[in-house]
Amino acid sequence: MIDEINVRDIALIRAASLAPSPRLTVLTGETGAGKTALVSACKLLMGARADSSVVREGAPDAEVAGRIFRNDDPADDIVVNRRVSADGRSRATLNGSMASVAELARTVGPLIELCGQHEYQALLKTSEHGRILDSWHDGAAEAGARYRAAFEAARQAQAALDEIQAQASASTAQLNEARFALQQIEAANPQPGEYDEVRDWLAKAEHAELLARNSHGAAEALSGDGGALDALNTAIALIDEASRADEGLAPYAQSLRETCFVVEDVARDMAGYCDDIEFDAASLAQAQERLGVLASLMHSFGPTMDEVFARWDEASRLVSAVDDADECVAAATAALQEAEEALARAADVYNEQRIQAAPAFAEAVGAVLSQLEMGGAALVCTVAPLPRAQWTRQGAASVVFEFKPGKSMQPRPLARIASGGEISRVMLAVKVVLGAKDGTETLIFDEVDAGVGGSAANALADVLARLAESHQVIAITHLAQVAVRADAHYVVSKTNGDEPRTELTLVEDDARVAEVARILSGSATEASLAHAREMLAPHA
């Protein structure tokens, strides 16, 4: 749900704020007051393309900041900021971190639906119709999940067969190259980690004389006759004797004793290191030869041993695929046939569930359209199975919603409905039918009441209130019947002066009565005020 939106220097709106909103919020105001600026702000938060036209003339940039809460835990809130500079460049952040416009679309876009703004209506995209139907019908949703699992299994089986066939049909040059690589690498039979082990051993073996001489010399210098240990012990004895006259010297003797322990350890380790060095000319020659073999492999198939091993595996697979081509192709073909048969069964069940759901869904939407007094209008939902070549991950049938303006009229694609108010009310009906199953949390209706009046206005208000039981609904309206049903009512007004700004003000009590009266008659007369109080009373 949208918790707050702050807008600065965008179009005609400045320093406006929408406080935490209840389920049904309405925005009313005079024509031209800037009510749709909120919609423009939401577009930017949702990742819409932006240019310098959204920046107020003379302002350096336009900025929109929004906070969206998902539940009662503030840690799950989404804080998004979008800034558009006067030169058209855009910057955005999500929870304080830099974000791309695509990230805004992925993160914020699914949470808000702008109903009445065609570019944001999934209802107008035929690719979304199947998803909408599935989300309404549990059986179709479950069958869809099984179909998609079977579709992915068949896709993988086809890919496996394609790879085997490609390997089996490798050119003579490719096969000869693979056989040569396999012969060379298998002849050397390198082991994982062997190159590093041989290289490290050679580094020691080739300098065995130096290592033996120096380690032995170091051990003698430390612990031999007249070595460091003898000198340290002499110093300790002298300091001990002097400390009998001056106790302050005693710590120095102790420090030297601790140093003796370290020197003794190093001397012992050096002596042991020297004893372990074995100079074997035959072993040295053998290791040098082995290192040369491994280096040659890396030169031919590397440049690293990891790449040599990768080339070994690749050559083995290619040669095996050719040598055992018939058997491998037969096994992969059988696996693909089995996967296709499972997919066909899943597709039949999926199509059947959708075909059963379609008329019931259309009837449910039609009932809401009738409640909205849309003159016999209806939604037509058609499910048509597709040939196997046209199956996609979304399904094995086309699902299309069409709009029928009247009983005697032909259905038309929803995208061709001319009236923004008409398509908004169809969207409203679909959202009501979906209820809590709809994944979109916030719905913003603009033009939903265009051309509506009389009893139809009351019906529209009832439907919006019903929808607000499962969604956060924000409606820009000019109908008093809708305004009186709101949980929160904001008035949009524009200030006068050289730098006009649009402000959103929460109205309550007498101020709300006055605003409803203005909507009814254009001014707050005694009659309109009384009428406003009468309309508000049942919803107080």
Side-chain angles (χ1 to χ4, degrees), residues 1 70-71 76 106-107 109-113 115 121-160 334-369 378-403 411 414 426-443 466-467 469-472:
M1 292 177 63
R70 306 298 306 276
N71 49 51
D76 293 334
R106 288 194 301 269
T107 305
L111 305 179
I112 305 172
E113 185 105 40
C115 306
Q121 289 193 35
L123 193 61
L124 297 179
K125 302 175 183 177
T126 55
S127 59
E128 291 290 304
H129 294 176
R131 182 192 62 79
I132 293 173
L133 181 63
D134 292 351
S135 64
W136 177 75
H137 191 268
D138 292 340
E142 294 171 2
R146 290 192 292 270
Y147 166 83
R148 280 182 284 277
F151 185 85
E152 180 62 22
R155 188 194 66 78
Q156 292 178 358
Q158 182 66 62
L336 175 60
Q337 182 177 353
E338 182 178 351
E340 283 289 334
E341 291 173 353
L343 176 61
R345 291 191 296 271
D348 288 341
V349 174
Y350 192 18
N351 290 345
E352 182 180 353
Q353 288 292 325
R354 281 178 157 181
I355 291 171
Q356 291 178 1
F361 177 76
E363 183 179 355
V365 174
V368 180
L369 293 177
L379 184 74
V380 178
C381 181
T382 303
V383 179
L386 296 170
R388 173 63 182 91
Q390 297 180 30
W391 291 5
T392 67
R393 193 175 184 280
Q394 283 67 45
S398 66
V399 180
V400 179
F401 295 164
E402 293 181 303
F403 181 69
L414 286 170
V426 174
M427 170 65 83
L428 174 60
V430 170
K431 293 294 184 181
V432 169
V433 170
L434 289 177
K437 294 180 179 180
D438 178 33
T440 306
E441 298 180 1
T442 296
L443 306 175
R466 176 181 167 189
L467 184 60
E469 294 174 0
S470 57
H471 297 73
Q472 180 191 28

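Here the structure is a predicted model, which means the values were calculated and not measured.
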One pair to check against side chain to side chain contact (heavy atoms under 4.5 Å, CB included): Arg388 and Glu340. What are the steps and the verdict?
CA-CA 10 Å; Arg388 173 63 182 91; Glu340 283 289 334; 2.9 Å; yes
For Arg106, enumerate each residue passing the side chain to side chain donor-acceptor pair (under 3.5 Å) test, keeping only those at least two apart in sequence or located in another chain.
none
Test of understanding: with side chain to side chain donor-acceptor pair (under 3.5 Å), list the residues that count as partners of Glu402, not counting sequence neighbours.
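Partners of Glu402 under the side chain to side chain donor-acceptor pair (under 3.5 Å) test: none.
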Tell me every residue that passes side-chain contact (heavy atoms from CB on, under 4.5 Å) with [X], counting only those two or more places apart in sequence or in another chain.
| X | value |
| --- | --- |
| Glu352 | Gln356 |
| Ala396 | Tyr147, Ala347, Asn351, Trp391 |
| Ala143 | Arg146, Val349, Tyr350, Gln353 |

Side chain proximity check, [X] to [Y], heavy atoms < 4.5 angstrom:
| X | Y | result |
| --- | --- | --- |
| His471 | Glu113 | no |
| Val433 | Val368 | yes |
| Val430 | Phe361 | yes |

Taking the basic N atoms (NZ, or NE/NH1/NH2) and the acidic carboxylate oxygens, is any pair closer than 4.0 Å for Glu469 and Arg466?
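No, Glu469 and Arg466 are not salt-bridged.
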Thr126 vs Phe401, test: side chain to side chain contact (heavy atoms under 4.5 Å, CB included). Steps then yes/no.
CA-CA 7 Å; Thr126 55; Phe401 295 164; over 6 Å; no
Contact summary for [X] and [Y], nearest pair of heavy atoms:
| X | Y | value |
| --- | --- | --- |
| Ala339 | Ala157 | CB-CB, 4.1 Å |
| Glu128 | Arg131 | OE1-NE, 2.6 Å |
| Arg354 | Ala140 | CG-CB, 4.3 Å |
| Trp136 | Leu434 | CB-CD2, 3.6 Å |
| Leu467 | Val432 | CD1-N, 3.7 Å |

Is there a side chain to side chain contact (heavy atoms under 4.5 Å, CB included) between Leu443 and Lys431 once you walk through the steps?
CA-CA 9 Å; Leu443 306 175; Lys431 293 294 184 181; 3.8 Å; yes
Would Val383 and Ser398 satisfy side chain to side chain contact (heavy atoms under 4.5 Å, CB included), going step by step from the backbone distance to the final call?
CA-CA 6 Å; Val383 179; Ser398 66; over 6 Å; no
Is the number of heavy atoms from other residues, nucleotides or ligands under 6.0 Å of Glu341 CD greater than 12?
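Above 12, so yes.
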Could I get the full list of salt bridge (charged side-chain N to carboxylate O under 4.0 Å, His left out) partners for Arg155, not counting sequence neighbours?
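Checked Arg155 against salt bridge (charged side-chain N to carboxylate O under 4.0 Å, His left out); matches are Glu152.
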